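Sharing a structure below in structure tokens format, with a few things to ask.
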Amino acid sequence: MIKSRQELQDLRASLNKAYNSEIKRVIICAGAGCVSKGAHKIYDKFAEVMKDKGVDFSLELAKEPHSDSVRLKESGCHGFCEMGPLVRIEPQGWLYVKVKPEDCEDIIEKTIVNGQCIDRLAYSEKGQVYREQKEIPFYKKQTRTVLDNCDKIDSSSIEEYIALGGYSALEKAIFDLDSEKIVNEITESGLRGRGGGGFPTGRKWSQVARQTNFPKYIVCNGDEGDPGAFMDRSVMEDDPHRMIEGMMITGFACGANDGYIYVRAEYPKAVASLNRAIKQATDLGLMGDNILGSGFSFHLHINKGAGAFVCGEGSALTASIEGKRGMPRTKPPRTVEHGLFDKPTVLNNVETFANVALIINNGAEWYKKIGTEQSTGTKAFALTGNVKNTGLIEVPMGTTLREVIFDIGGGIRDDGEFKAVQIGGPSGGCLTEEHLDLPLDFDSLKKVGAIIGSGGLVVMDNHTCMVEVARFFMNFTQNESCGKCVPCREGTKRMLEILNRIVDGKGEDGDIELLEELGEAISATALCGLGKTAAGPVLSTIKYFRDEYKAHIYNKKCPAGACKSMKKIVISPGLCKGCSKCARNCPVSAIHGELKHPYEIDQTKCIKCGACLTGCPFHAIKEC
């Protein structure tokens with residue numbers, strides 16, 4: 001156990017020397033995307049082949065590795081999920097994509113032993129082969145700070161985190177700074193909450209620091225309930241000590257000795273990673289009582305949420321930790337005054353805390369050089385949908401949508417046409433082609449009625465129905481409404497009923513205006529932030545795609561051809577041979593006719609399941 005600052009510095013120097021002595025590394029991405037494609041099998045195969053071929057290798061950080069030894073390890077998410085499983089070779093920095101177990105022997109013989117790059121495994125685009133990870137367009141425009149360690153270290157090893165400077169910011173905060181200096185540094189950096197609201201972090205900390213009501217608490221929101229968002233999950237799974245160190249610095253700055261991490265139970269790997277990290281830090285003396293002999297004590301607790309989206313709201317989250325039903329309350333009082341257990345509480349999300357150690361180590365001026373004047377630093381986004389390069393990215397605040405979607409994301413999948421991007425999840429809004437050069441920062445997005453949210457970016461092409469998109473998010477929000485206030489409980493239900501009618505081809509004159517009226521009323525009167533933003537996807541799609549709503553209502557047509565209820569399946573008399581296969585396959589007996597004569601479909605019975613489409617040997621059935 002480390003009992004002093006000097007002991008920590010000596011350990012860091014020793015571990016850093018060992019880390020830098022590892023000349024050759026084979027790093028396998030063990031993020032969720034790569035694991036689902038067989039990353040663990042690739043790791044096992046590498047170990048098996050290296051052993052069979054007598055290659056000197058180690059699976060853990062060795063104090064004195066030989067110059068020809070190879071370090072084999074699994075890291076966190078590399079971000080390039082579309083191309084997984086990923087394997088990076090160091091020191092060359094070569095990245096191999098879509099690696100299979102059968103490629104392992106080739107990589108060992110040609111790359112590890114003989115130093116040759118296997119171009120067939122390297123990423124290529126438009127005939128150009130990119131060997132080094134840093135040269136791949138997906139990575140080139142990124143600035144990875146919060147996610148910097150994720151593709152480098154073994155998340156299960158506190159030693160590797162310390163070797164790369166881990167807990168040096170905590171050490172600096174405890175011994176070289178005081179509460180006021182830390183809060184001022186965070187305030188000066190311009191760091192704003194990365195959970196969606198963008199509230200100035202330093203201001204929140206200062207409000208808690210000056211409270212005289214004890215005890216105080218530090219709470220981390222790791223709930224991350226937005227569909228398609230997985231930024232916080234990656235930090236918790238792949239670099240948990242960075243977030244934990246940020247929480248401990250916050251505790252020291254604000255006078256709190258206890259912290260709580262609220263993480264959704266659907267993240268079992270994150271929960272396991274956090275529990276392991278807390279135990280490691282405690283066993284080493286970096287957490288608990290009298291840390292490094294400084295007199296500062298800090299303890300962390302994990303609370304698993306049951307998956308309620310509303311528990312992403314601060315007061316609902318703290319109520320859930322207290323064992324109550326997760327429901328928001330009216331404000332004031334604010335969480336900074338009466339938060340967890342009715343005590344002053346700092347509540348930030350995972351990514352916000354993960355920025356803290358970087359700012360303390362590098363200074364506010366360094367941080368302000370990244371991003372924009374009012375939105376400093378970087379932001380992590382989950383890039384999903386109809387884009388070629390899906391994955392986890394981190395870019396400076398102010399990066400444009402065009403750069404994210406077309407430079408980093410590689411453009412629309414199958415060379416389709418860009419239509420819109422949903423940003424901020426169910427609480428966000430839609431942005432269109434006219435917004436492609438809009439900077440992604442808090443203030444620019446607010447001006448066009450959107451928010452960054454936790455960082456989900458869902459890209460849509462011209463085959464996406466915007467009415468269905470609005471219906472999907474409204475269905476999610478309505479299901480997740482806690483029901484405490486009438487505007488959200490009843491208003492979202494009425495909006496969903498109207499949207500369901502529209503996509504079912506039963507829309508009526510006045511539906512668009514009624515949706516707008518309901519949406520504005522809910523936004524103005526709902527109790528919490530989630531309710532106030534619930535109508536965002538509907539209002540933004542009406543604003544930018546009103547003609548699409550009109551086509552559904554008045555023409556009973558879906559311009560994108562996506563709404564099943566508006567499709568019509570017909571049999572071409574000229575092509576039908578009367579074999580009766582379609583009639584036999586129809587589950588609702590909607591097809592009738594005589595053998596060797598053209599069959600017909602009763603549109604009043606047809607459920608548009610498509611069984612006849614796939615089963616017709618003469619291609620006589622089509623969808624229109």
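Here the structure is a predicted model, which is why all the values come from computation and not from measurement.
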- If we only count heavy atoms from C-beta on, is the Ile108 to Phe46 side-chain gap below 4.5 Å?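 Side chain of Ile108 against side chain of Phe46, heavy atoms only: contact under 4.5 Å found.
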- Message: With salt bridge (charged side-chain N to carboxylate O under 4.0 Å, His left out) as the test, pick out the partner of Glu160 among Arg25, Lys73, Lys152.
- Response: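 Only one of Arg25, Lys73, Lys152 forms a salt bridge (charged side-chain N to carboxylate O under 4.0 Å, His left out) with Glu160, namely Lys73.
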- Counting distance only, does the side-chain N/O of Asp103 pair as donor-acceptor with the main-chain N or O of Lys100 below 3.5 Å?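 The answer is yes, because a donor-acceptor pair under 3.5 Å joins these two groups.
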- Note on the structure: Thr372 meets the side chain to side chain donor-acceptor pair (under 3.5 Å) criterion, sequence neighbours left out, with none
- Going by an N to O cut-off under 4.0 Å, is there a salt bridge joining Glu90 and Arg71? no
- Indicate whether any N or O donor in one side chain lies under 3.5 Å from an N or O acceptor in the other, for Asn361 and Ser168.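 Distance-only check passes for Asn361 and Ser168.
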- Query: Distance only, no hydrogens: is a donor on one side chain within 3.5 Å (strictly under) of an acceptor on the other, for Gln6 and Asp10?
  - Reply: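 The criterion, which ignores hydrogens and geometry beyond distance, is satisfied for Asp10 and Gln6.
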- Message: Under 3.5 Å, is there a donor on one side chain and an acceptor on the other for Tyr367 and Asn355?
- Response: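 Yes, because at least one side-chain N or O of Tyr367 sits under 3.5 Å from a partner of the opposite role on Asn355.
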- Message: Closer than 4.0 angstrom, basic N to acidic O: yes or no for Lys45 and Glu105?
- Response: no
- Aromatic plane relationship, Tyr161 with Tyr167 - under 30° parallel, 30 to 60° tilted, over 60° perpendicular: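 Taking Tyr161 first and then Tyr167, their aromatic rings stand perpendicular (interplane angle over 60°).
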- Run the ring-centre check on Tyr123 versus Phe80 and record whether the distance is less than 6.0 Å.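 Judged by ring-centre distance (under 6.0 Å), Tyr123 and Phe80 do meet the cut-off.
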- Message: Closer than 3.5 angstrom, by distance alone: can the side chain of Ser273 be matched with the main-chain N or O of Ala270 as a donor-acceptor pair?
- Response: no
- Task: Kindly say whether Val235 contributes a backbone atom to a donor-acceptor pair with the side chain of Asp239 at under 3.5 angstrom?
- Result: no
- Note on the structure: So side-chain hydrogen bond (donor to acceptor under 3.5 Å, both in side chains) across residues 276-288, not counting sequence neighbours, yields His241-Gln280, Lys279-Asp283
Less than 3.5 Å apart, which donor and acceptor atoms pair up between the side chains of residues 390-402 and the rest of the protein, not counting sequence neighbours?
{"unit_1": "Thr390", "atom_1": "OG1", "unit_2": "Glu82", "atom_2": "OE1", "d": "2.7"}
{"unit_1": "Glu394", "atom_1": "OE1", "unit_2": "Thr145", "atom_2": "N", "d": "3.1"}
{"unit_1": "Glu394", "atom_1": "OE1", "unit_2": "Val146", "atom_2": "N", "d": "3.4"}
{"unit_1": "Glu394", "atom_1": "OE1", "unit_2": "Leu147", "atom_2": "N", "d": "2.9"}
{"unit_1": "Glu394", "atom_1": "OE2", "unit_2": "Thr145", "atom_2": "N", "d": "3.2"}
{"unit_1": "Glu394", "atom_1": "OE2", "unit_2": "Thr145", "atom_2": "OG1", "d": "2.8"}
{"unit_1": "Glu394", "atom_1": "OE2", "unit_2": "Val146", "atom_2": "N", "d": "2.9"}
{"unit_1": "Glu394", "atom_1": "OE2", "unit_2": "Thr378", "atom_2": "OG1", "d": "2.5"}
{"unit_1": "Thr399", "atom_1": "OG1", "unit_2": "Pro396", "atom_2": "O", "d": "2.7"}
{"unit_1": "Thr400", "atom_1": "OG1", "unit_2": "Glu403", "atom_2": "N", "d": "3.2"}
{"unit_1": "Thr400", "atom_1": "OG1", "unit_2": "Glu403", "atom_2": "OE1", "d": "3.2"}
{"unit_1": "Arg402", "atom_1": "NE", "unit_2": "Asp437", "atom_2": "OD1", "d": "2.8"}
{"unit_1": "Arg402", "atom_1": "NH2", "unit_2": "Asp437", "atom_2": "OD2", "d": "3.2"}

- Message: Measuring only between side-chain heavy atoms, which start at C-beta, is Leu292 closer than 4.5 Å to Ile2?
- Response: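 Contact flag for Leu292/Ile2 side chains = yes.
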